[in-house]
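Here's the structure, in structure tokens; my notes come after.
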Amino acid sequence: MAIVNWVDLHGDELSGMRVLVTGAAGFIGSHLCDALVELGCQVIGLDDLTAGHQDNLLLARRIGGDRFRFVTGSILDRSTLTDCMSGCQVVFHVAALPSVPRSIKNPMAFHEVNVVGTQLVLEAAREAHVHRLIFSASSSSYGDSPTLPKVESMQPLPKSPYAANKLAGEHLVRAYADSYDIDAIALRYFNIFGPRQNASSPYSGVIAVFANQLLSNHSVTVNGVAYSRDFTFVDNAVHANLLAAKTTKPFGGQVVNVACGQGVTVMDLALAMAELLERSHLKPIQGPGRAGDVMHSVAQIDLARKVLGYTPIIDFQEGLKATVEWYQSAWRASERVAVTQLHQ
């Protein structure tokens, strides 16, 4: 579903590489799998399908053929990890339980998957002599410091169990890179959005939730009207992962922001989506902020430029247009299915 040509962008530098993607059937993981098979990698995708969906991997299966192998399993299962890691050069650790509000309701489950699971992945990678592990971290680790933009050297101040989980994962990544013969990097994502992000859950990302509400002809509720975010299209996150995989210089567990470096208020987002979906008559409803949410989250991406050679390849406006079009298409398809079933 990418709107970039990965071969044009990355050439054949990753061709033939054997890699593991945890959380492969999820939103970000599936887009990463698509790019990796397009670039000629041998890809093992691991997912327990609690949040991911097999349909997200249709493109990876079609392009990859025998070069793509999917394993249904948990990162908490050591034997599964050992099997999946065998012969891998790079591991992309994307698997996690997401959502700040959900982590507040169920903190122990989040700790088990996001912290214990991350250490199990690192340990399996160490035992398998994996060259590099790339960890999907989160901008939520910064917390609610008023300082903008967010810079990697700032003191982390997590406000939720999820944010604390992700920060713990970063520390584990650095510790393993310092202590063992495995290189690693933590990519701090800022509000990744795009096609395939689940729109049916109350814990979904805000863009997915807004799309579902607007397509249902309901006004969206903007929690925390003045809140702003560095909304980052999913292809930018994939691009950063690919750059991290092919960089020859060791990272040593470094933390790097992945974003666009541009703040957009959630209210402006709601208005822009309503216009794109021709629902401008549905005025946003102002709601209170939610526990664990931060007010402003905008990144400085100078370190990503220096360490990875990263610059955003898709800006917010182009990414939002592509995302809205995907939700419209998915919505129409679901309506056709409903009508067909009604007449059966």
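Everything numeric in this text was worked out from a predicted model, so none of it was measured. Only this structure's heavy atoms are used, side chains among them; waters, hydrogens and symmetry mates stay out. Throughout, residue positions are numbered sequentially from 1 according to the sequence presented.
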Does the salt bridge (charged side-chain N to carboxylate O under 4.0 Å, His left out) test come out yes or no for E170 and R174, once each step is laid out?
CA-CA 6 Å; E170 291 180 8; R174 185 178 294 274; over 6 Å; no

Closest approach of [X] to [Y] (non-hydrogen atoms, all atoms of both residues):
X    : Y    : answer
R279 : L214 : NE-O, 3.1 Å
V222 : P284 : CG2-CB, 3.9 Å
L242 : W6   : CD1-CE3, 3.7 Å
D178 : G252 : OD1-O, 4.0 Å
A244 : I185 : CB-CG2, 4.1 Å
A96  : K166 : CB-NZ, 3.7 Å

Do the ring centers of F193 and F233 come within less than 6.0 Å of each other?
yes

[X] and [Y]: same hydrophobic cluster, using ILVMFWY side-chain contacts below 4.5 Å?
X    : Y    : answer
I3   : Y327 : yes
V256 : V234 : yes
V7   : V238 : yes

Using modelled atom types only, decide if a donor and an acceptor are shared between the side chain of [X] and the backbone of [Y] within a distance under 3.5 Å.
X    : Y    : value
T265 : Y227 : no
E152 : N257 : yes
T118 : N114 : yes
D230 : C260 : yes
R18  : S86  : yes
E13  : K246 : no
D183 : H131 : no
T232 : F190 : yes
S216 : H218 : no
Y310 : A259 : yes

Under the salt bridge (charged side-chain N to carboxylate O under 4.0 Å, His left out) definition, can you give me all pairs with a residue in residues 301-316, not counting sequence neighbours?
D302-R305

In the structure I gave you, are the side-chain heavy atoms of T72 and D48 within less than 4.5 Å of one another anywhere?
no

If we count only N and O atoms by modelled type, under 3.5 Å, do the side chains of Q54 and R61 hold a donor and an acceptor together?
yes

Can you confirm whether the side chains of S30 and R196 place a donor and an acceptor under 3.5 Å from each other?
yes

Please determine if E123 and R78 form a salt bridge, counting it only when a charged side-chain N lies under 4.0 Å from a carboxylate O.
no

E275 CD: over 12 foreign heavy atoms closer than 6.0 Å:
no

Go through it in stages, so that I can follow the logic: the residues are L157 and D144, the test is side-chain contact (heavy atoms from CB on, under 4.5 Å), and I'd like the CA-CA distance, side-chain angles, deciding distance and then a yes or no.
CA-CA 7 Å; L157 297 167; D144 214 5; over 6 Å; no

Paired with V91, the side-chain contact (heavy atoms from CB on, under 4.5 Å) test is passed by just one of L20, V21, V19, namely L20

Given V206, V220, L320, L282, the one that forms side-chain contact (heavy atoms from CB on, under 4.5 Å) with M273:
L320

Would S136 and Y189 satisfy side chain to side chain donor-acceptor pair (under 3.5 Å), going step by step from the backbone distance to the final call?
CA-CA 7 Å; S136 293; Y189 300 149; 2.9 Å; yes

Would you call the rings of F68 and F70 parallel, tilted or perpendicular if under 30° counts as parallel and over 60° as perpendicular?
parallel

